Amino acid sequence: MPDRQDGPEEQDRRMGQGGQTRSDEADKRDRQGEAWIEELLRQLTPEEKVGMIHGAALFRTAGVERLGIPPLRMSDGPMGVRREYADDAWINIGTSDDYVTYFPSNSAIAATWNRELAYRSGQALGAEARGRGKDIILAPGINIKRSPLCGRNFEYMSEDPRLIEELVVPMIAGIQENDVAACVKHFAANNQETERYWVDTIVNERALREIYYPGFKAAVQVANTLTVMSAYNKLNGEFCSHHRYLLGDLLRGEWGFDGVVVSDWDAVHDTRAAAEAPLDIEMGTNTQFDRYNLAEPLLEAMRSGEIDILHVDAKVRNILRLMRRLHMIGPAHSSRRAGTYAVPAHRDAALETARESIVLLKNESERLPLRREKLHRLLVVGRNADMLHAGGGGSAEIKALYEISPLLGLKAKLGGNTEIRCVPGYAIPERAGQEDDGDPARAAERAVAVEASAGRSAGLLAEAVALAKEYDEVIFIGGLNHDYDVESADREDMKLPYGQDELIEALLEANADTVIVLIGGSPVEMHRWSDRARAIIWGWYAGLEGGTALAEALLGDVNPSGRLPETFPRVLDDSPAHRLGDFGGRERVTYNEGVFVGYRYFDTFAVEPAFCFGHGLSYTSYAYIDAHIDIHDDGTGEELKAEIAVTVRNIGAMAGAETVQVYVAPTGAGVERPLQELKMFEKVRLMPGEEKVVIMKLSKDAFGYYDEEARAFVAEAGEFEIRIGSSSRDIRLIRKISLQRTYRY
C-alpha cells in the first residue's frame, strides 16, 4: 500500500490519539467541521435521518443520495473480511472476488505479546476491509476471557486487562490508518454465549473498573477508536444497547467518546429506550429492515410526539462526524485510501504473527525441535493435522484465499526425503459440538451420531496405535475446532472432544516420544496424560499460514516465543468463574469472583494451574541478571513514574525472544487485592550470548485499585514489590519500592 501524505487535519487527529495537546488550528478545523455537519443535518428530512440509523441491509445503512451521503458499509470480523452477502438474505453472492487473507485470531495475536505484530495485523486487516469497500470492520474483540467455556473466546485476547490495553491500541491504530473504522466489541461484560440475547450479568463497580472496562477505555482514549459495538447482554439489569449510564455517562461523558455506537445484530429490544439512549445505529439479522426498532416504529413515535427528533439528530450527527473522519464526505473525500486485499504483504504479516503465537508448553529433555536428519519416517495422527478452520466459528468465518494445514506445512518443509503418513485417529460426528436446546428429536439425532462415531473412532484409534509402534517419530495434532469454538454456543466442559484423551494415552503408551500439538481457542484439560508427554505445543486458529508456522516451530526453523494470554486451569472447577461465580445462567449470572479473574485468583489463593498465565518455553534459555528502579515524583501528588531497567542475557545456543513481564504486588492495602497484577511487559530479541537492558515504565495506575466509596482509583502510600519474570509463576527478580504519598486518579 503506497504511503499517503496526510493533510494537517488528519495529522492532528492522529496526534490526538496519544493524548497530546491539539493545536489552535486543529480546534478551529473541528469547529468548522461541526458547523458543516450542522448545515448538512439541517437539510435532512426525518425519514432520511431515520434511514441512516438502522440497517437497510444486513451489513449497511441507508445513504442519502441527493446530499451525497453514502451508506455505511460494515463487515465481520476479527480474522479477516467476511464473504460478501446479498443485501436481504444470508446468501453468499457467490463471486470469486471476496477471497481474502485469513488472519490469526485475536487469541493468537495476544499470545505473541508483541505490540508491533498487533499493529501490523490491524494495518493489514484495515487495508483489506477498505479494499473490499468497507467503512467499518467489526473488530477487534476484547471481552475478558472469564471462563474457559465461552464459545467466542477464540475471538478475544486475554483474561488480563493490561495485556489487552497494550495490544488493542496498536491494533486499532493499524486498522484506522486505512480510512476504515475499527469497531471494538462487545461493550460490556459479554463473557458467555449461553442466552446471550437476554442474560443479565451482575458485576460490581470495582470489577468493572479494574477488569472489564480498561481495554475499552484504552481503545477510546488512547487508540481513538471510531466506533464501539454494544453487547447483547444486560449489565446490572439494563440491556447494554439501551444502557444510558454505560453508553452515556461513562462512554461519552467520562471517556469523551464522540464516535458511533453500533448495536450487535439483534441487540436492540425497545424503540423508545434505544432512541433515547446514546446508541447510534441498530443492526440486525431480520430482513424486514423497516420494522427495526429505530426504523418505522421510531418514525411513528416521532410523528405522534412521543419521541423528540433531537435524539435522532444526535445519532445522525455522530454518523456524519464518522463519515467526515473516514473521508467519505467533506472536503477530503477525494483523498480517501483505497486499500487492497489478498496481497503478499498481508500474508507475510499473518505468517509472522502465527510464528510468534505458538506456545511451547512443555519440552522435557529437549524433545523438540525435531532433527531433520533423523526424520526418515514420520507418523502424524489427529484430525486437526489435515483440517481447515477458516470457514467456521460463526461471524468470524472467512472465505480464505488459501489455508496451510499442519500436514501441508510439514510436507512442504520436509520435502520428498521424509515419508509422512497421516491418519485421523478419531472420528468427528456431525453436529458434535452443537447444543440440542432441549429438543428431544435433536438430542436423539445427536446421540445416534455420537454412538456411530464412537464405533468408527475405536477402529481409527487401533490403527493409529499400531502404526505408532512402527514409526520412530510420531506427532499428534488434535484439540478443538469450530464445533466447539463457535459463536452462539458455549462448551459444556473443558475436556478434549471425540475421545482424544484415550487416543493420546494410547499413543504415549505405544511411543513415549509422541509430540502432542493442540489447536484451539480455549484451554482444555490435559491432566490425564500431560505428565507423561515430553513435548506439548499449543497452537491457535493461526490464519492461512498457521500450518507453515507450526512446521517451522516443530523443526526448529523458528524458536517459539509465544506466551499464554490466559491461565490454563487443571480442571474446570479450578476456574474462579465456576468455583466462586456463576456461568451459563439463562437469566442472571453473578460475577462473585469480582476482580479475582484468571491468574489473579490462581496466584492469590495458591491454586495450581496446568499452565500459568504468561507461560511459554523456548529452545534457548534466558538469565535475568539485574534490575534497577528509579522513582520520579513531580511533588504535586499528580504524577508518578517508576522506570525499571532489567538486564537479560541469552545463555543458550539459539537466537530467540524473551518476554520480560513486570507484576506489581502490594504488601498491604485497605481492601482485598490480588497477590500480583501484570502492569508492563517487553519482548526482547537476543542472539546467543547477547545481553540487553530492557527499559519499562510504570505510572501511578500500576499501583492502584478502584475505591467504590470514593468513586476513584487510589494508589495507597506504602510498600510494593516489583516482581520481574518470565511468567506469573516464574518470577526471577524482586525489588521493593515505597510510595510516600497516596494518589487518587
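These numbers come from a predicted model, not from an experiment.
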Who passes salt bridge (charged side-chain N to carboxylate O under 4.0 Å, His left out) against Arg600, sequence neighbours left out? Asp160, Glu677

List for me each residue that meets salt bridge (charged side-chain N to carboxylate O under 4.0 Å, His left out) alongside Glu254, sequence neighbours excluded, and say none if there are none. Arg209

Going by the salt bridge (charged side-chain N to carboxylate O under 4.0 Å, His left out) test, which pairs reach into residues 227-244, not counting sequence neighbours? Arg244-Glu276

Sequence-distant partners of Tyr213, side-chain hydrogen bond (donor to acceptor under 3.5 Å, both in side chains), two or more places apart: none

Can you pull out every salt bridge (charged side-chain N to carboxylate O under 4.0 Å, His left out) where at least one residue sits in residues 217-227? Sequence neighbours excluded, please. none

Asn114: side-chain hydrogen bond (donor to acceptor under 3.5 Å, both in side chains) partners, not counting sequence neighbours: Glu356

Contacts of His311 that satisfy ring-ring contact (aromatic ring centres under 6.0 Å, His included) - sequence neighbours left out: none

Under the salt bridge (charged side-chain N to carboxylate O under 4.0 Å, His left out) test, which residues partner Asp313, sequence neighbours left out? Lys49

Sorted by chain and residue number, the side-chain hydrogen bond (donor to acceptor under 3.5 Å, both in side chains) partners of His632 (sequence neighbours excluded) come out as none

How would you list, by chain and number, every residue that makes a side-chain hydrogen bond (donor to acceptor under 3.5 Å, both in side chains) with Asp574, sequence neighbours excluded? Arg579

Sequence-distant partners of Ala219, side-chain contact (heavy atoms from CB on, under 4.5 Å), two or more places apart: Ile172, Val184, Thr225

Going by salt bridge (charged side-chain N to carboxylate O under 4.0 Å, His left out), name the residues that satisfy it together with Glu487, two or more places apart in sequence or in a different chain. Arg152, Arg196

